[in-house]
Number of protein chains: 2
Amino acid sequence: MKEVLDKYITYYKQLVPEATPKELSFMCEGACIKTYPKKSFFLKAGEVQPAMGFVYEGLLRRYYINEKGNTITTGFIPENNYAADYPAFIKQKASKYFIECLEASVLVELPYNKIQESYQKFQNTERYGRLIAEYVLTLQTNRTESFLFENAEERYLNFIAENQNLMHRISLTHLSSYLGIERQSLSRIRKKLTRE
Amino acid sequence: MKEVLDKYITYYKQLVPEATPKELSFMCEGACIKTYPKKSFFLKAGEVQPAMGFVYEGLLRRYYINEKGNTITTGFIPENNYAADYPAFIKQKASKYFIECLEASVLVELPYNKIQESYQKFQNTERYGRLIAEYVLTLQTNRTESFLFENAEERYLNFIAENQNLMHRISLTHLSSYLGIERQSLSRIRKKLTRE
DNA sequence: TTTTACCTGTCACTTATGTGACAAAATTAC
DNA sequence: GTAATTTTGTCACATAAGTGACAGGTAAAA
């Protein structure tokens, strides 16, 4: 319990070192800790995401099912990251994503209203919000560029290099859809790489 | 001169309706208006972007030259948008992008230091920064998804639908590299579409 | 333990996209 | 207005990736 909030607070302080005790306690009092079993959902398509979810422990996957019925993974969310569909959460609109637990997970959840309230009360939390948005924006930009600048094989190699810790926790099927290719293509790439 | 700042302020107020006269005058006093001829650069690869550039008039293009020497367009920036390499600007790191004027352009520029200063002085500007970051994040997310969910033809059709006003202002070559395909492929797609 | 569901590797075939080359058209510079 | 440059459309061919199918492997459920 205490360690869980500690990790959450540590992450906050990392981005906003000038954080005051007042806002930290506000962040903790407003938050609740939830446990999710494997295969359960943090968010389902059609729902409005009620709270930001900081992953204390576990691994989640964000995916989308398109008109053709294909399941497309758009992200993996391990410890020390926020589970969210940002664009939809910001506007409190229904999401088209599922966020599912690949492993049993523990999240610290801060409801939308509490976040808005904190923006009114404390200048630092507004900064926290800005820094998170800027951070996610940077990640997203890198991802877009990976599609423009790299082919499937390069995207795969970069993913391994940057996510060694995740490799053994996710399936090939999920990874291929994250990389924007078919499972068979990823299989083909791996085969080619082992030959080289 | 006055209209230029008016447009810039109107944009600000749109995002932050609660803006105070104080912060508005701070934003104006710190800003300067610059004119760029066609083909000139707002930013060059290797430079640190010194200021955010609000486009009052004109059209710019952000592009990147990769190791293979290919030029890849990552965005078009028309009136009422900010010209920037966000991730690099935020951290004041050297950019790898060129931002070039496709048309003669007029920009309102607010230096990095002024922005940081305003974050200290006024709570609202921090909000402005957050909202801009969230807005750009949403755009970026949509763009990433377009690569995952759509094929080249669909990306092209969506681009036309959402940017009728830009279509006649940009070249096919630039558009194809923005869509992540070769010029010939775009040509092929257009040919196929006219047949249908 | 057995059954079931899911995951993975592989194949043959199809389709989409990249590549290099060339000429016509449009734009720009002189 | 003419020459130089850039942009565009097109082709033939090469490569990359998608598709549907099937079998073996692995992990979860009964």
Side-chain angles (χ1 to χ4, degrees), chain A residues 36-40 59 61 63-73 76 98 100-104 146-160 166-196, chain B residues 37-40 59 61 63 65-73 76 98 100-104 146-160 166-196:
Chain A
Y36 291 85
K38 188 171 176 176
K39 293 198 178 174
S40 66
L59 178 62
R61 159 184 170 244
Y63 67 90
Y64 168 69
I65 300 180
N66 71 9
E67 323 75 45
K68 300 161 199 157
N70 302 321
T71 296
I72 298 156
T73 302
F76 300 103
F98 295 87
E100 178 202 16
C101 296
L102 294 179
E103 302 172 359
S146 77
F147 286 103
L148 284 170
F149 301 163
E150 300 160 12
N151 60 28
E153 181 178 328
E154 290 167 331
R155 290 203 297 281
Y156 171 67
L157 288 173
N158 285 337
F159 185 90
I160 316 181
L166 284 185
M167 282 307 288
H168 60 103
R169 297 164 71 186
I170 60 183
S171 75
L172 262 195
T173 305
H174 292 163
L175 178 54
S176 66
S177 86
Y178 178 76
L179 295 174
I181 55 176
E182 292 299 315
R183 183 179 55 81
Q184 294 92 324
S185 297
L186 180 53
S187 208
R188 192 153 37 196
I189 288 168
R190 283 157 58 99
K191 189 174 156 195
K192 182 189 156 209
L193 286 172
T194 55
R195 272 205 312 265
E196 285 172 2
Chain B
K38 187 171 177 175
K39 292 199 177 174
S40 65
L59 177 62
R61 159 182 169 245
Y63 67 90
I65 300 181
N66 71 10
E67 323 75 45
K68 300 160 199 156
N70 302 320
T71 297
I72 298 155
T73 302
F76 301 102
F98 295 86
E100 177 201 16
C101 296
L102 295 179
E103 303 172 359
S146 77
F147 286 103
L148 284 170
F149 302 163
E150 300 160 13
N151 60 28
E153 180 177 329
E154 289 166 332
R155 290 204 297 280
Y156 171 65
L157 288 172
N158 285 338
F159 186 89
I160 316 181
L166 284 186
M167 282 307 288
H168 60 102
R169 296 164 74 187
I170 60 184
S171 76
L172 262 196
T173 305
H174 292 162
L175 178 53
S176 66
S177 86
Y178 178 77
L179 295 175
I181 55 177
E182 292 298 314
R183 183 178 58 78
Q184 294 90 325
S185 298
L186 181 52
S187 209
R188 191 153 39 197
I189 289 168
R190 283 156 59 98
K191 189 174 156 196
K192 182 190 156 209
L193 287 172
T194 55
R195 272 206 311 265
E196 284 173 3

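The sequence lines fix the lettering, A, B, ..., with proteins before strands; numbering per chain opens at 1. From a predicted model like this one, the values you see are computed outputs, not experimental measurements.
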Send over the distance from B:Leu102 CG to D:dT7 C1', rounded to a whole Å. 14 Å
Can you name the atoms? Protein N/O to nucleotides 27-30 of chain C N/O, anything below 3.5 Å, with the distance.
residue: C:dT28; atom: OP1; partner: B:Lys38; partner atom: NZ; Å: 3.2

Expressed as a whole number of angstroms, how long is the span from A:Met167:CE to C:dT8:P? 11 Å
Spacing between A:Leu186 atom CG and C:dT10 atom C1', to the nearest angstrom: 14 Å
Establish, with yes or no, whether the OP1 or OP2 oxygen of D:dG9 is under 4.0 angstrom from a side-chain nitrogen or oxygen of B:Arg190. yes
Mind checking A:Arg183 for me? I need base, sugar-phosphate or nothing, with any heavy atom below 4.0 Å counting as a touch. base
From A:Arg155 CZ over to A:Phe147 CZ, what is the distance, rounded to the nearest 0.5 angstrom? 5.0 Å
In short, B:Pro37 meets B:Cys101 closest at the heavy-atom pair O-CB, 3.7 Å
Using 30° and 60° as the class boundaries, would you call the ring planes of A:Tyr178 and A:Phe76 parallel, tilted or perpendicular? tilted
Derivation and outcome, side chain to side chain donor-acceptor pair (under 3.5 Å), residues A:Ser185 and A:Arg188: CA-CA 5 Å; A:Ser185 297; A:Arg188 192 153 37 196; 3.3 Å; yes
On DNA chain D, nearest-nucleotide positions of A:Ala152 versus B:Gln184: which is more 5'? B:Gln184
What distance do B:Arg190 atom CZ and B:Ile160 atom CD1 have between them, rounded to the nearest 0.5 Å? 7.5 Å
Nearest-angstrom distance from the residue atom CD of A:Glu150 to P of D:dA17: 12 Å
Can you tell me the distance, in whole Å, between the CD1 atom of A:Ile189 and the P atom of D:dG18? 9 Å
Within the structure, does a side-chain N or O atom of A:Ser187 lie under 4.0 Å from either OP1 or OP2 of C:dG9? yes
Looking only at D:dT19, D:dA12, C:dA21, the nucleotide nearest the B:Arg188 side chain is D:dA12
When rounded to whole Å, the CG to P distance for the pair A:Asn70 and D:dG20 reads 10 Å
B:Glu100 to B:Lys39 - nearest heavy-atom pair and separation: OE2-CA, 4.0 Å
When rounded to whole Å, the CD1 to C1' distance for the pair B:Ile181 and C:dA16 reads 11 Å
Taking the side chain of A:Ser185 as its heavy atoms from C-beta onward, which of C:dC11, C:dG18, D:dG18 lies nearest to it? D:dG18
Pull out every residue in residues 168-177 of chain B that has a heavy atom closer than 4.0 Å to any atom of DNA chain D, ordered by number, or say none. B:Ser171, B:Leu172, B:Thr173
Nearest 0.5 Å, what's the CG-OG distance between A:Leu172 and A:Ser177? 11.0 Å
Selected nucleotide, minimal atom distance to B:Lys191 side chain, candidates C:dT10, D:dT10, C:dG18: D:dT10
Atom-pair distance (CD on A:Glu182; P on C:dT8), nearest Å: 14 Å
Rounded to the nearest 0.5 Å, the CG atom of A:Leu157 sits from the CD1 atom of A:Ile189 at a distance of 8.5 Å
The test is side chain to side chain contact (heavy atoms under 4.5 Å, CB included); show your working for B:Tyr156 and B:Leu175 and say whether it passes. CA-CA 9 Å; B:Tyr156 171 65; B:Leu175 178 53; 3.9 Å; yes
I'd like to know whether A:Phe98 forms a side chain to side chain contact (heavy atoms under 4.5 Å, CB included) with A:Ile65, so could you lay out the CA-CA distance, the side-chain angles of the two residues, the decisive distance to 0.1 Å, and finally the verdict. CA-CA 9 Å; A:Phe98 295 87; A:Ile65 300 180; 4.0 Å; yes
